[in-house]
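The structure under discussion appears below in the form of C-alpha cells.
As a basis for the values below, the full set of heavy atoms in this structure was taken, side chains included, without hydrogen atoms, waters or symmetry mates. A, B, ... follow the sequence lines: proteins, then strands. Residue 1 opens every chain.
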There are 2 protein chains.
Amino acid sequence: MDFSRIAEAVRFHRGRSGLTQLELANLAGVGKTVVFDVEKGKDTVRFRTLCRILQALNIGIRLESPLMARFEEELDEESPSLDVRHSGRRTH
Amino acid sequence: MDFSRIAEAVRFHRGRSGLTQLELANLAGVGKTVVFDVEKGKDTVRFRTLCRILQALNIGIRLESPLMARFEEELDEESPSLDVRHSGRRTH
DNA sequence: GATATTTTACTGTTATAACAGTACCAAGGT
DNA sequence: ACCTTGGTACTGTTATAACAGTAAAATATC
C-alpha cells in the first residue's frame, strides 16, 4: 500500500547509489520504462518486476501483521531443523 | 523476494480469518484465480493486485535497507507537518 | 459412503505490463 | 552558444495478468 512511498524509496536509494534510471534498469534486468514508472508511483507493475528493482537497490520487503509472530512460529515447527548444534528451545 | 513466503503467509492468514479463497477474492476485489495463484507462489501478479489481497488480510508491507533510516529522516524534514499542537521549531 | 464445500486446474477472452525506440526537455559543463 | 547527460513522455508491438466459467480432484460434514 502507499505506493508513492515505495516510489520515493526507490528514487532515494537509486540516488544514493549514484545510478541513473537506465543503469538501474540494466542492473535489475528490466526496461528503463519500468524504472521510470515505478518512481512515478505506478502500482500496476508486476510484483516480480518490482522485486528485481528493489533487490538491485538492496531493499528488502518484510510483511507485518498482528498474526505474523504466530506464522513464523509455525514455520519453525514444520521444518525439522537441520541445526543440531544446540538441542533446545529456539531463543527467539 | 522469496515469494513462497508470501504465499504461505497469505494462506496462513486467510485460514486464520476463516475465509475461503473465493471469499477472500471477493473481499479483496480480485478474481478467485489470483488468490489461488498467489497462494501457489506465482510472483507475476501485479503489485496492486497483491496489495489488495494483503490489505484484505490486514498484512502490511515494510521496506527495509541499510539506508532506510536516512530515508525516513528525509521524509520528516520535507513535510511541514500540520501538527501545530506543540510549538516546535517550525519557523524557518 | 453420500453430500456438500473447497481447492486445484484447466479453458478462451480481454485488458495491459513490459519493452525498445524515439523525441523532447531540463541542468551542467565546455 | 553548444554539447552532454539524465529525466520525462510519448509511440507500436508482444507477452501475459486478470477474469469468469467449467470441471475435476481433494477435503470436509453429515
* Asked: Taking atom CD of Gln21(B) and atom CG of Asn26(B), what is their separation to the nearest 0.5 Å?
  -> 12.0 Å

* Would you say the side chain of Ile6(A) lies within less than 4.5 Å of the side chain of Leu50(A), judging by non-hydrogen atoms? -> yes

* Structure fact -> Contacts satisfying ring pair (Phe, Tyr, Trp, His ring centres under 6.0 Å) that involve residues 32-68 of chain B (not counting sequence neighbours) are Phe3(A)-Phe47(B)

* List in numerical order all residues of residues 39-51 of chain A for which some heavy atom is under 4.0 Å away from an atom belonging to DNA chain D. => Arg46(A)

Short N/O separations, protein against nucleotides 3-7 of chain D, under 3.5 angstrom:
{"from": "dG7(D)", "atom 1": "OP1", "to": "Arg14(A)", "atom 2": "NH1", "distance (Å)": "2.7"}
{"from": "dG7(D)", "atom 1": "OP1", "to": "Arg14(A)", "atom 2": "NH2", "distance (Å)": "3.2"}
{"from": "dG7(D)", "atom 1": "OP2", "to": "Gln21(A)", "atom 2": "N", "distance (Å)": "2.9"}

* What distance do Lys40(B) atom NZ and Thr33(B) atom OG1 have between them, rounded to the nearest 0.5 Å? -> 11.5 Å

* To do: To the nearest 0.5 Å, tell me how far Asp43(B) CG sits from Asp2(B) CG.
  => 10.5 Å

* Asked: If every non-hydrogen atom of Ala56(B) is compared with every non-hydrogen atom of Ala28(B), which pair is closest and at what distance?
  -> CB-CB, 3.9 Å

Check: residues 11-18 of chain B side-chain donor-acceptor pairs under 3.5 Å, at least two apart:
{"from": "Arg11(B)", "atom 1": "NE", "to": "Glu39(B)", "atom 2": "OE1", "distance (Å)": "3.0"}
{"from": "Arg11(B)", "atom 1": "NH2", "to": "Glu39(B)", "atom 2": "OE1", "distance (Å)": "2.8"}
{"from": "His13(B)", "atom 1": "ND1", "to": "Ala9(B)", "atom 2": "O", "distance (Å)": "2.8"}
{"from": "His13(B)", "atom 1": "NE2", "to": "Ser65(A)", "atom 2": "OG", "distance (Å)": "2.6"}
{"from": "Arg14(B)", "atom 1": "NE", "to": "Glu39(B)", "atom 2": "OE2", "distance (Å)": "2.5"}
{"from": "Arg14(B)", "atom 1": "NH1", "to": "Leu19(B)", "atom 2": "O", "distance (Å)": "2.9"}
{"from": "Arg14(B)", "atom 1": "NH2", "to": "Glu39(B)", "atom 2": "OE1", "distance (Å)": "3.1"}
{"from": "Arg14(B)", "atom 1": "NH2", "to": "Glu39(B)", "atom 2": "OE2", "distance (Å)": "3.4"}
{"from": "Ser17(B)", "atom 1": "OG", "to": "His13(B)", "atom 2": "O", "distance (Å)": "2.8"}

* Structure fact -> In this structure, CZ of Arg52(A) is separated from CG of Leu27(A) (nearest 0.5 Å) by 12.5 Å

Identify all pairs in which a protein N or O lies below 3.5 Å from an N or O of nucleotides 21-28 of chain D, and state each distance.
{"from": "dG21(D)", "atom 1": "N7", "to": "Lys32(B)", "atom 2": "NZ", "distance (Å)": "3.2"}
{"from": "dG21(D)", "atom 1": "O6", "to": "Lys32(B)", "atom 2": "NZ", "distance (Å)": "3.1"}

* **d(CG, Asn26(B); C1', dA20(D)) in whole Å** => 12 Å

* Asked: To the nearest Å, how far apart are Asp37(A) CG and dC10(D) P?
  -> 11 Å

* **Straight-line distance of Glu64(A) CD to Ile59(B) CD1, nearest 0.5 Å** => 10.5 Å

* Euclidean distance, Gln55(B) CD relative to Ile61(B) CD1, rounded to 0.5 Å -> 10.0 Å

* Structure fact -> Here the distance between atom P of dA17(D) and atom CZ of Phe3(B), to the nearest Å, is 12 Å

Using nucleotides 26-30 of chain C, report all nitrogen or oxygen pairs with the protein that are shorter than 3.5 Å.
none

* Structure fact -> Closest non-hydrogen atoms of Val10(A) and Leu57(A), given as atom of the first, atom of the second and distance, are O-CD1, 3.7 Å

